[in-house]
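First the proteins, then the strands, lettered A, B, ... as listed; each starts at 1. Keep in mind that what you see is a predicted model, and the values were worked out from it rather than measured. Both backbone and side-chain heavy atoms feed into the values below; hydrogens, waters and symmetry mates do not.
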Amino acid sequence: MKEQYFPQEIEKKWQQKWQDENTFYTPDDSDKPKYFALSMFPYPSGKLHMGHVRNYTITDVIARFKKMQGFNVLHPIGWDSFGLPAENAAMKHGANPAVWTDDNIAYMTKQLKMLGLSYDWNREVTTCKPEYYKWTQWLFLQFYKKGLAYKKEAAVNWCDECATVLANEQVIDGKCWRCDSVVKKKYLSQWFLKITDYAEQLLQDLDKLDGWGDNVKTMQANWIGKSKGAILKFKVCDAPCGEMEIPVYTTRPDTAYGITYLVVAPEYKDIEKLTTPENKEAVEAYRANARKMTEIERLSTDRIKTGVPLGTHCINPFTGEKFPLWTADYALAEYGTGAVMAVPTHDERDFAFAKKYNLPMKIVISNPENPSDCKDAAYVDEGVMVNSGEFNGMKNVDAKTAITQKAVDEGFGEFKTQYRLRDWLISRQRYWGAPIPVVYCDKCGIQPVPESELPVLLPEDVDFSVVGKSPITTSKTFTETTCPVCGGPAHRETDTMDTFICSSWYYMRYSDAKNSEKCFDKDLVNKWLPVDQYVGGIEHAILHLLYSRFFTKAMKDMGLLDFDEPFKNLLTQGMVLKDGAKMSKSKGNTVDPDEIFENYGADTARLFILSDSPPARDFDWSDAGVEGCYKFLNRVWRLVSTNQDKIIFDYKLPENRTKADDDLVRIVHMAIKGITNDISNEFQFNTVISKYRELTNAIYDWADKAEWTEDAKNVFSFAILSLMKLMSPVAVHLTEEVWSSLGAKDSIHNQEWCKWDENLAKTSSITLVVQVNGKVKDKIDVDEGLSQDEMKEVALASDKVKALIEGKEIVKVIVVPKKLVNLVVK
RNA sequence: GCUCCAGUGGCGGAAUCGGUAGACGCGUUGGACUUAAAAUCCAAUUGGGCGUAUAACCCAGUGCCAGUUCAAGUCUGGCCUGGAGCACCA
């Protein structure tokens, strides 16, 4: 072993060796219990960034720790390799997206290996390869068969920049999640997956996810947005085209006696039938204007509300009162029934609208102690029913049920549970994705591609320079085909699938990555899944994580697997910051992992990225911090290299230890206990690393004073070799090099995790804290075995305490065994 | 507006159960070694009483205000600040 630490040299050597010896191969058959550790797989953008380094290091340390604890650990990696950047690069540089993607994967693979990650590369999964997307397409067909995939014409989110539609989940603040440009509405016929069928299950099963943070669970619950209310139906009394009925959804049926008008969304399907000839022109103009607006404008809550009357009227079935119909863009076509009953006195939005257009108001709920006149604001709190016929005097919360029941009994209403979650729009008008396996025949209509004809391969004869349509439509070989039913001419669907489909099941594929007969073997997927620990960024809280839960539930119902939640435990790691801001190219505050590997080595990078903050919190990168970690590894190296002659690999702890030896043995046991607990308890790697330092410091101190008897050498060896094993999940190369230099035959990464002896993992004496009236006044070293009475005596014998309690009365004495005595005096 | 999370030295952060606040590190200051530097090592480092050495002592202190308790960074209630998510969802 060299005197000096040369990380680059030893890291390269061991990476090669691990690869040659297949050190991290995971067998499917093993007596050991399974453990599936998973990082969210990367998009092959070109280069790793520090967020990747953090994510993969965290998971890698978990995987290695679990392996040493005796688990058969599955720790795979793959590539989320369909998506727009490849296509954009193709357009810009004339490169083929497949080639661009392959190059990026090759480079990033090299980087992952340089980080020393313990992946089983035999299970690598790449979503853009036909052998993978064949099964993505196959799964689509299963969804289709089950009625969970359907096509419909709808107002959808459109991004001009990306020239494609987007799912609701991909619109952030009215902007595209990828390019940040403003999203528009377009009417298009598109493919959807019926995630709404699973809304209730997706919501309820959140309770099962004990291993998920509350933040993610509440975000998903809010997104699903369950509410309970009623559908009430209103007869239109003067529609130009005969009798009509308008159903509305409301969570406030208790306010039904206070309705003074009714609003339908500008996109409401029957709006034309509800408009009188006199109002037609104004209504048309209003609707045209609404269509032009962007989502941001449309949904802005501080915009002044606008609307126009339709000229027709409804009857309130509770009161017989007649009230007008309006259209206004504060009613949303996609939620509820697209129509709203308006009660200005008890809803802020209706109040603002009624004020503006001078519509009447009627108070139906009142707080008897402090009645509101509803002149300046709506009264939205609880109260007692007034002006509500037979319901007068009832509490409004009780009236919700009572009034709905009346509507049910009399045939104009029903109880209704409503969700905000919408179906998942999965069509994309882009090339670089899995083609939707469907053909359109003039005679037979929509026909799924037979499973035997999968995969539907992406064509290569395409022109990426086209504007305004998907490059795939320029292929001469792709579009024209024959109908699988009648054999007549037909054309293929040219839309591809949202990449989030590919990532909704990739983690299952790891269980059987090379299967060419099936998407995976059922026994294997049931053996390895659910994922025991999933690690990734919070940005997927309601995208990937919700979609994957939906896929799992749907696939369970299809009989493909037997579990109903994919990820048992979820760790959402914080962002990597530099100078307090998120690292980004535009801000110019990025740190290139390659440079860190080159200057300090991967072990330093791994150690540092775990050292300063707990994994869930944001991490501020600092050059001084890296330097500090590098120095620490040097210090560890020196500790071993300068004392090599005193280390016995097959040490035996002496039976009769001297006091000094004893202390080091205790310190090691305490470190083992502390580190094991810190990892087990939510992966607190930052404190794990502080304990590495404490132990290293303690060994240095001890070695300084040691007389090198045989016993001392054995104790020292125990300490050094334990330190190496404890550090091996983090400093993977350094510990391996030391381990082998000291005479080991097998890899340190195949060793068992250190065990501690509870009797040795504590100090022989304790510090007795003496408080007077709750304030610490003295600390006394005492023997651990002291009884409570003895502790009290020791406390009272303290000179400091004597002085403080002199002339005072001891009211009470509290003794906490092995810890403290509190004297309450007056 | 609603929901969730967080707030501790100059900085990152530590503190199973309510029981020694500030572990470990970064930075800073002083010192040793060196012709010099780097590296390394030693010491100090919450604020104040207190710009002197030594040894000690006292007071205050975990965003703010209350409360529970012998004892609160930790529990309860009410705020303030920051971050994240949702948001005209009837």
N/O to N/O distances under 3.5 Å, protein versus nucleotides 65-73 of chain B:
from, atom 1, to, atom 2, distance (Å)
B/C70, OP1, A/Lys812, NZ, 3.4
B/C70, O2', A/Asn822, ND2, 3.3
B/C70, O2, A/Asn822, ND2, 2.5

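- Within residues 674-688 of chain A, the residues that have a heavy atom under 4.0 Å from RNA chain B are, in order of number, A/Gln684, A/Asn686, A/Thr687.
- Look at B/G63: its glycosidic torsion is beyond 90° from 0, and that puts it in the anti range.
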Report each atom pair, protein N/O against N/O of nucleotides 28-34 of chain B, whose distance is under 3.5 angstrom.
none

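- Here the P atom of nucleotide B/A87 and the CG atom of A/Asp173 are 8 Å apart, to the nearest Å.
- Under 4.0 Å is where a charged nitrogen must lie from a carboxylate oxygen, and between A/Asp347 and A/Arg252 no such pair does.
- A straight line from CD1 of A/Ile224 to P of B/U3 spans 18 Å, rounded to a whole angstrom.
- Sorted by residue number, the members of residues 248-258 of chain A with any non-hydrogen atom under 4.0 Å from RNA chain B read A/Tyr249, A/Thr250, A/Thr251, A/Arg252.
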With a cut-off of 3.5 Å and sequence neighbours excluded, list every side-chain donor-acceptor pair involving residues 624-635 of chain A.
from, atom 1, to, atom 2, distance (Å)
A/Glu627, OE1, A/Tyr600, OH, 2.8
A/Asn634, ND2, A/Tyr630, O, 2.9
A/Arg635, NH2, A/Asn697, OD1, 2.7

Shorter than 3.5 Å, N or O on both sides, protein versus nucleotides 41-44 of chain B: list them out with atom names.
from, atom 1, to, atom 2, distance (Å)
B/C41, OP1, A/Arg635, NH1, 2.5

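- In this entry the distance linking NZ of A/Lys800 with C1' of B/C57 reads 9 Å, nearest Å.
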Measure all distances between protein nitrogen or oxygen atoms and nitrogen or oxygen atoms of nucleotides 5-12 of chain B, and list the pairs falling under 3.5 Å.
from, atom 1, to, atom 2, distance (Å)
B/G12, O2', A/Asp612, O, 3.1

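- B/C75 adopts an anti glycosidic conformation, its chi angle falling more than 90° from 0.
- Note: A/Tyr261 and A/Phe353 meet the aromatic proximity criterion, with ring centroids under 6.0 Å apart.
- The ring pair (Phe, Tyr, Trp, His ring centres under 6.0 Å) test applied to A/Tyr547 returns A/Trp424, A/Phe500, not counting sequence neighbours.
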Checklist entry - Which string of ( ) [ ] | and . matches RNA chain B, if you list each base 5' to 3' and count Watson-Crick or G-U pairs only when both distances are under 3.5 Å? => result (((((((..(((......[....)))((((((.......))))))((((.......))))..(((((..]....))))))))))))....
Show each protein N/O and nucleotides 59-62 of chain B N/O combination with a separation under 3.5 Å, one pair to a line.
none

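- Applying the side-chain hydrogen bond (donor to acceptor under 3.5 Å, both in side chains) test between A/Asn396 and each of A/Asp254, A/Thr255, A/Asp381 identifies A/Asp254 as the sole match.
- In this structure, A/Leu639 and A/Asn643 have side chains that are in contact, with non-hydrogen atoms separated by less than 4.5 Å.
- Qualifying salt bridge (Lys or Arg N to Asp or Glu O under 4.0 Å) partners for A/Lys818, counting only residues two or more places apart in sequence or in other chains: A/Glu784.
- Classified by its glycosidic torsion, B/G7 falls in the anti category, the angle being over 90° from 0.
- Every salt bridge (Lys or Arg N to Asp or Glu O under 4.0 Å) that A/Lys226 has, sequence neighbours left out, goes to A/Glu200.
- One atom, CD of A/Glu169, and another, P of B/G85, lie 15 Å apart when rounded to the nearest Å.
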